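To start, the structure under review is shown below, and the notes come after it.
Counting starts at 1 for both ligands and their atoms, in listed order. None of these values were measured; they are calculated from a predicted model.
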Amino acid sequence: MRREYLPAGNPRPELLPDKPYSAGLSIDEIRESLGLSRIIKLASNENPLGPSPAALRAIAETSAEAHRYPRPGNPRLRQALAGHFGLPEENLVIGNGSDEIIDLLIRLKVRPGRDHVLACRPCFSVYGLQSRLAEAEFRQVDLHEDFSFPGAAFAAAADENTALAFVTSPNNPSGLSPSADELLRLAAGLPPNCLLVVDEAYMDFAEPLKMYEMLRRQPSLPNMAVMRTFSKFYGLAGLRLGFAALPPELAKAFLSARLPFSVNVMAETAGLAALTDREFLEKTLAVVRQGRAFLSQGLRDLGFQVWPSQANFVMARPPDHGPEAEEIFELLLKKGLIIRHLKSFGLNSHLRISVGLPEENQVLLAALAEIFNIQ
Ligand SMILES: *Cc1c(COP(=O)(O)O)cnc(C)c1O
């Protein structure tokens, strides 16, 4: 019999995901379960160089102020980002990771029971998880078979009830990026109710940047939002810091709807410091771009299919001879190497490997050569 009431200790079942967010394995988990002393983690697209030294100094200095609340809306960081990227301050918002921005955009835009959210398949799972929590229908358009962006099909799927359309560029997990021209064409063809949200979590690694990035173009595009994060390029994933350029009215609403102190003082000052730590950022770019080329070539030499990546990771599919993706993932784990099997993205035969330090990339390729019995 159907119950008419929701028992006091129960959550609303319709809001909960069938499959919760699946994070890459943590170093501690693996160290403990396998008793290995050295673990190399190439699973979550973090900065292999660690945090910026300037950010570490800023955190240490700020720690003495940890008893003070941050200023609501994080105006210092907002101003610094405006100057750094040449954007109007009124367009910028800061969030507890881009995850918080995704969540709030959905809640601010979608009318439950009426509107829906559009994204590609496969895509970053947070778009779908937070849509569900906001009682927004979540629709997906399949990527092309080669994982490129299905511009025409995506535009055709947007209708008068598409509140938000998420495009990840460069995409996770493929690393492919639609060109800025393609996104401009898409934005021009969307219905007037649809906000195009470009998630540029990995844009800092794209080359040439001008061909792909939308952030600096956002102010002239009234139906576009662009998100960035401090989690990857800036090396601050554990502090939770992201930002976005939004149409000004929406930015204003975002600021009033966000929990006032969701971004903490350490994250804010670390972000301010990392933003201008040029030596660290240049080193990061060099390590990622060289490592990406090295890993891609090494994997191809082992017979893997490798997709051309604009991000700090590569997606690869093992050759038909030899062990399958999941087994490779398990065998690497036993050797203390954590990569990502893309099962949770619905890609059973694909792996995603974050670019590590030169030596970490070498250890990974050597371990794979061993798995495939190649000396
Ligand atoms: C890593 C990642 C983010 C960043 O999320 P944060 O909450 O800022 O750590 C956003 N979008 C995609 C597609 C990502 O892969």
- Message: Taking R228 first and then D199, would you say they form a salt bridge - that is, a charged N and a carboxylate O separated by under 4.0 Å?
- Response: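 D199 and R228: not salt-bridged.
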- Query: Ion pair present between E213 and K210, side-chain N to carboxylate O less than 4.0 angstrom?
  - Reply: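 Not counted as a salt bridge, because no side-chain N and carboxylate O are separated by less than 4.0 Å.
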Which atoms of ligand 1 sit under 4.0 Å from any heavy atom of [X]?
{"X": "G97", "value": "6 (P), 7 (O), 8 (O)"}
{"X": "A201", "value": "2 (C), 3 (C), 10 (C), 11 (N), 12 (C), 14 (C)"}
{"X": "S98", "value": "4 (C), 5 (O), 6 (P), 7 (O), 8 (O), 10 (C)"}
{"X": "T168", "value": "13 (C)"}

- Option set D99, L239, D199, D103, criterion heavy-atom distance to atom 12 (C) of ligand 1, minimum: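 Looking at heavy atoms only, the winner is D199.
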Got the closest protein heavy atom to [atom], with its distance?
{"atom": "atom 15 (O) of ligand 1", "answer": "Y202 OH, 2.7 Å"}
{"atom": "atom 9 (O) of ligand 1", "answer": "S231 OG, 2.6 Å"}
{"atom": "atom 14 (C) of ligand 1", "answer": "K232 NZ, 3.3 Å"}

Report all side-chain donor-acceptor pairs from residues 79-98 shorter than 3.5 Å, counting only partners two or more places apart or in another chain.
residue : atom : partner : partner atom : Å
N91     : ND2  : Q218    : OE1          : 3.0
N91     : ND2  : L246    : O            : 3.3
N96     : ND2  : S262    : O            : 2.7

- Query: Which one of F233, Y234, F313 satisfies the ring pair (Phe, Tyr, Trp, His ring centres under 6.0 Å) criterion with F205?
  - Reply: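 Going through F233, Y234, F313 one by one, the ring pair (Phe, Tyr, Trp, His ring centres under 6.0 Å) with F205 is satisfied by F233 alone.
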- Task: Answer with yes or no whether G242 contacts ligand 1, where contact means a heavy atom under 4.0 Å from a ligand atom.
- Result: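 For ligand 1, residue contact (heavy atoms, under 4.0 Å) with G242 is absent.
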- Message: Within the 4.5 Å heavy-atom criterion, are N161 and R114 side-chain neighbours or not?
- Response: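 The answer is yes; the side chains approach within 4.5 Å.
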- Please determine, by modelled atom types, if Y202 and Q310 share a side-chain donor-acceptor pair under 3.5 angstrom.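 No donor-acceptor contact under 3.5 Å links the two side chains.
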- Query: Using a distance-only test with no angle check, is there a side-chain donor-acceptor pair under 3.5 angstrom linking R289 and N312?
  - Reply: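 The answer is no; no qualifying pair exists.
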- Counting heavy atoms only, which part of F230 comes closer than 4.0 Å to ligand 1: side chain, backbone, both or neither?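 The answer is neither.
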- Answer with side chain, backbone, both or neither: which part of R240 has a heavy atom less than 4.0 angstrom from an atom of ligand 1?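 Answer for R240: side chain.
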- In terms of the angle between their ring planes, are W307 and H350 parallel, tilted or perpendicular, with boundaries placed at 30° and 60°?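 Correct class here is tilted.
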